[in-house]
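Here the structure comes first, spelled out in structure tokens, and everything after it is commentary.
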There are 4 protein chains.
Amino acid sequence: MAPTTQQPAEPAAPTRGKGRPRSAAADLAILEATRQALAELGWGGLTMGDVATRAGVAKTTLYRRWPSKNELVVDAMAILFDQLEVADMGSLQADVEAVVAQFADLLSRPETQAALLALFAEGSRDPQLRRRIQEQIVEPQKVLVQQGRANAQARGEMVPDEDEHAACEEIDIIFDTIAGTVEHRLLVSGRPVTQEWIHRFATLLLNAFPGTTC
Amino acid sequence: MAPTTQQPAEPAAPTRGKGRPRSAAADLAILEATRQALAELGWGGLTMGDVATRAGVAKTTLYRRWPSKNELVVDAMAILFDQLEVADMGSLQADVEAVVAQFADLLSRPETQAALLALFAEGSRDPQLRRRIQEQIVEPQKVLVQQGRANAQARGEMVPDEDEHAACEEIDIIFDTIAGTVEHRLLVSGRPVTQEWIHRFATLLLNAFPGTTC
Amino acid sequence: MAPTTQQPAEPAAPTRGKGRPRSAAADLAILEATRQALAELGWGGLTMGDVATRAGVAKTTLYRRWPSKNELVVDAMAILFDQLEVADMGSLQADVEAVVAQFADLLSRPETQAALLALFAEGSRDPQLRRRIQEQIVEPQKVLVQQGRANAQARGEMVPDEDEHAACEEIDIIFDTIAGTVEHRLLVSGRPVTQEWIHRFATLLLNAFPGTTC
Amino acid sequence: MAPTTQQPAEPAAPTRGKGRPRSAAADLAILEATRQALAELGWGGLTMGDVATRAGVAKTTLYRRWPSKNELVVDAMAILFDQLEVADMGSLQADVEAVVAQFADLLSRPETQAALLALFAEGSRDPQLRRRIQEQIVEPQKVLVQQGRANAQARGEMVPDEDEHAACEEIDIIFDTIAGTVEHRLLVSGRPVTQEWIHRFATLLLNAFPGTTC
DNA sequence: CTATAATCGAGACGGTACGTCCTGTCTTATT
DNA sequence: AATAAGACAGGACGTACCGTCTCGATTATAG
């Protein structure tokens, strides 16, 4: 999660190196500047030089931490996706609606709109980038589904998993469906995600899965 | 559909344009070269100059027809999306599976992977581009859903629409779900769309909609 | 002199060809437009397309008559240099002053300033162009020197030529001196040619040549 | 003299510029490449991109130092004109002949032929360029005349200047005459400057000025 | 009166250079 | 060692002209 790129080994070493230590403030300033620039200028308008200027930092400082724009933006966006939470609202339907609403809010921010699909597009060519996206952006979302599922099972709304593998597959398909549908609605079709739409979508979703004992 | 950008009025004009007419062969060569370059180099590697060279055409000829890379790629991809068809396979489930398979095939092509998400990302900033994408890429897909629905109703698998508006909303949500989920599976999660996955997904989909009389 | 370039044979043929005859009005309009554009935009800013537009003529019409900008400008300027005359003012000194004044006037026009040195520069690389410049621009000036010399000899101010060859050489050197000095003063040093300067220069010139019987 | 264009203030600044200092080697390579390209391709064929390539330098490095082709060529040529010298040959006639010969040699170089008139032509439109040409190319020549005159006065061949202003005017007219005549002979008339021609021209020149006590 | 033919306008075409912008690396002096 | 500053090689951008071409329309002479 931390902008640890480009360093010797990191986990094995709390490297108390000799020279001047890296400025932690710079990291935050750069990531904030990146989000700001994304929101203002979009993915295509984002330049490393501009980010450096906004952050009050030299270009070198940027490249010392991130190998390129892509990785920088992944880290800048990851912070936002880390804030997603699944609260136990008492029922599966309510939990789903809450999570979808949170996700839709996130996708409505200008920086997210500018960055998310562009990152996915870049990731489809660069496997290393794809992995980084998976770890820092996609996984945090998928965890929500697992969590919500566990909550539902704890409440007795869903039968517990028997086959580990099948459960995994099912989580995948649910996740792709939720994330994909909301993204498509907001970013491709360009139509709003209202409370009513969320309700309809969540209802469909629960219909679709016969495993729910509601 | 035709690369008619940059021209005076087009529909209302049987305008016997005065100068030398634009080369139709150039249009085709450029669009083909664009798809080729996308497949080879990806969105980021796509260069107007390179496309021009591949098409055996001057860069000016490109800019005379398309104001930028974005519009060019929309038109180049639109041709692929025009080829989608909904065949009547006898049952709604079979029809859905067929259409999903077709769509997944399309999204598996390297040029589509390179272009689609990048276009959507650009479209989220540029309303004109978004409209163009809607008309030339998204609409042709949505038509499939409408068509399939009509077929199902003709076969008696679905009750006919009563409320026009509600039907429209439902088509929207179905469409966003199908397109979004498949895109997310293939382009974001990076996992394959197998025959089995398609079957599971189609089943879920039909479960979700109680209107089906199966 | 006429813009006869690019035609079959011309002298041997008053070629009453079959097709539509070339517009004589176009020639004049083009040359006038050329001088206008030169005065406004300078040599570097002069474009064939712009000249065509100013003349209300298609670019093709231009290229049918002149192979390139250089030749076009030679012809456009030649008209101005054809207007130079040597009037018999009664004394060699007066004649020289009159001719220098005329020449200085010509070099003070903006189109001349823009074109003359540029043409000479181009001519130093392109022998064909150099010949054209010699014939249409330089020779008309040199004739003035010969004429003035003849007048002076007729008035008895100079001894008649004995050696044809030596006379020729002397005309050359006088001509280079007058033209070169005035050009350098006006176009290189950028200082004005006043009545006083002309007088001083003419005096020096007559001093320099002992052959004058004054 | 140095290619100092585009810099903050230069003389008043012992400014220990903060970033990486400009490469001095690049300056020399660029100016040399410019002269080479001029000699090979002429003014019209001279391209910023080509110069950059020859110098093994990026185009941006060129534009960082010189705003355009014109200024670059002035600096490239200035080096040649800095090499002019007036040697004391013992007599005014000999000194004049030596200087004219030197100047003619310089004007016979292909890069000079390509550049000089073209620069003067451009300078007649652009006052800033004209000033630059004056300072770096014309003045070094004019200094020769002043120097030669001083030498002659020291030798007693010329009476010393009484009126400062008149002397200045006289230097101007002598300079325009020498430079203009040689340039016209070589670059416009396109005829060679032989030893004999130089002798004749120098003789005329000394005739013209009665101030000489020979 | 109809071919035939060269001209005209318009504007598309392949090509080249332009001057700008951004990338990612480098070289300074400073901290 | 990391920092700010900024020069550097390289490459794509979108524009402007060049000189050629392909159109339909015009305007002359020749049959």
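Throughout, protein chains are lettered first and strands after them, A, B, ... in sequence-line order, and every chain is numbered starting at 1.
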Note to self: Counting distance alone, no hydrogens or angles: does the base of E:dC26 have a donor or acceptor under 3.5 Å from a partner atom on the side chain of D:R20?
What the structure shows: yes

Margin query: From CZ of A:R22 over to P of F:dA4, roughly how many Å is that when rounded to an integer?
Written below: 12 Å

Next item on the list: Mind checking the CG-CZ spacing from D:D126 to D:R131? Nearest 0.5 Å is all I need.
Entry: 9.0 Å

Next item on the list: Grab the two heavy atoms, one from B:W43 and one from B:E122, that are nearest each other, plus how far apart they are.
Entry: CZ2-CG, 4.0 Å

Margin query: Quick check: on DNA chain F, is the nucleotide nearest C:T60 upstream (toward 5') of the one nearest D:A58, or the reverse? Name the residue that is more 5'.
Written below: D:A58

Item checked: E:dG24 phosphate, OP1 or OP2, under 4.0 Å from A:R65 side-chain N/O -> no

Next item on the list: Report the nucleotide, chosen from F:dG14, E:dT28, E:dT25, that has the shortest atom-to-atom distance to any side-chain atom of B:Y63.
Entry: F:dG14

Notebook entry, point to check: On DNA chain E, nearest-nucleotide positions of B:A24 versus A:T47: which is more 5'?
Noted result: B:A24

Check: Just how far, in rounded Å, is C1' of F:dC21 from CE of C:M48?
Finding: 16 Å

Margin query: Among A:D75, A:D27, A:T34, which residue satisfies the side-chain hydrogen bond (donor to acceptor under 3.5 Å, both in side chains) criterion with A:W66?
Written below: A:D75

Item checked: Separation of F:dA5 P from A:L62 CG (nearest whole Å) -> 13 Å

Next item on the list: Round to a whole Å and report the spacing from CG of D:N70 to C1' of E:dG19.
Entry: 14 Å

Note to self: Rounding to an integer number of Å, can you tell me how far D:R54 CZ sits from E:dA17 P?
What the structure shows: 12 Å

Next item on the list: Calculate the interatomic distance between A:L72 atom CG and E:dT23 atom P; express it in whole Å.
Entry: 11 Å

Notebook entry, point to check: If you check the C:K69 side chain, which of E:dT23, F:dC18, F:dT3 turns out closest?
Noted result: F:dC18

Next item on the list: Please tell me which of D:K59 and A:S23 maps to the more 5' nucleotide of DNA chain F, matching each residue to the nucleotide holding its nearest heavy atom.
Entry: A:S23

Note to self: Between C1' on F:dC13 and CG on B:D50, what's the gap in Å once rounded to a whole number?
What the structure shows: 14 Å

Next item on the list: Specify the separation, in whole Å, of atom CZ of B:R64 and atom P of F:dT22.
Entry: 15 Å

Note to self: Checking contacts here: which listed nucleotide (F:dT29, F:dT3, F:dC8) is nearest the side-chain heavy atoms of C:K18?
What the structure shows: F:dT29

Item checked: Given DNA chain E, 5'-ward residue of the pair A:L46 and C:T61, judged by closest heavy atom -> C:T61

Check: Between atom CG of B:L46 and atom CD of B:Q36, what is the distance when rounded to the nearest 0.5 Å?
Finding: 11.5 Å

Next item on the list: Could you tell me which non-hydrogen atom of C:A39 sits nearest to which non-hydrogen atom of D:R125, and how far apart they are?
Entry: O-NH2, 2.7 Å

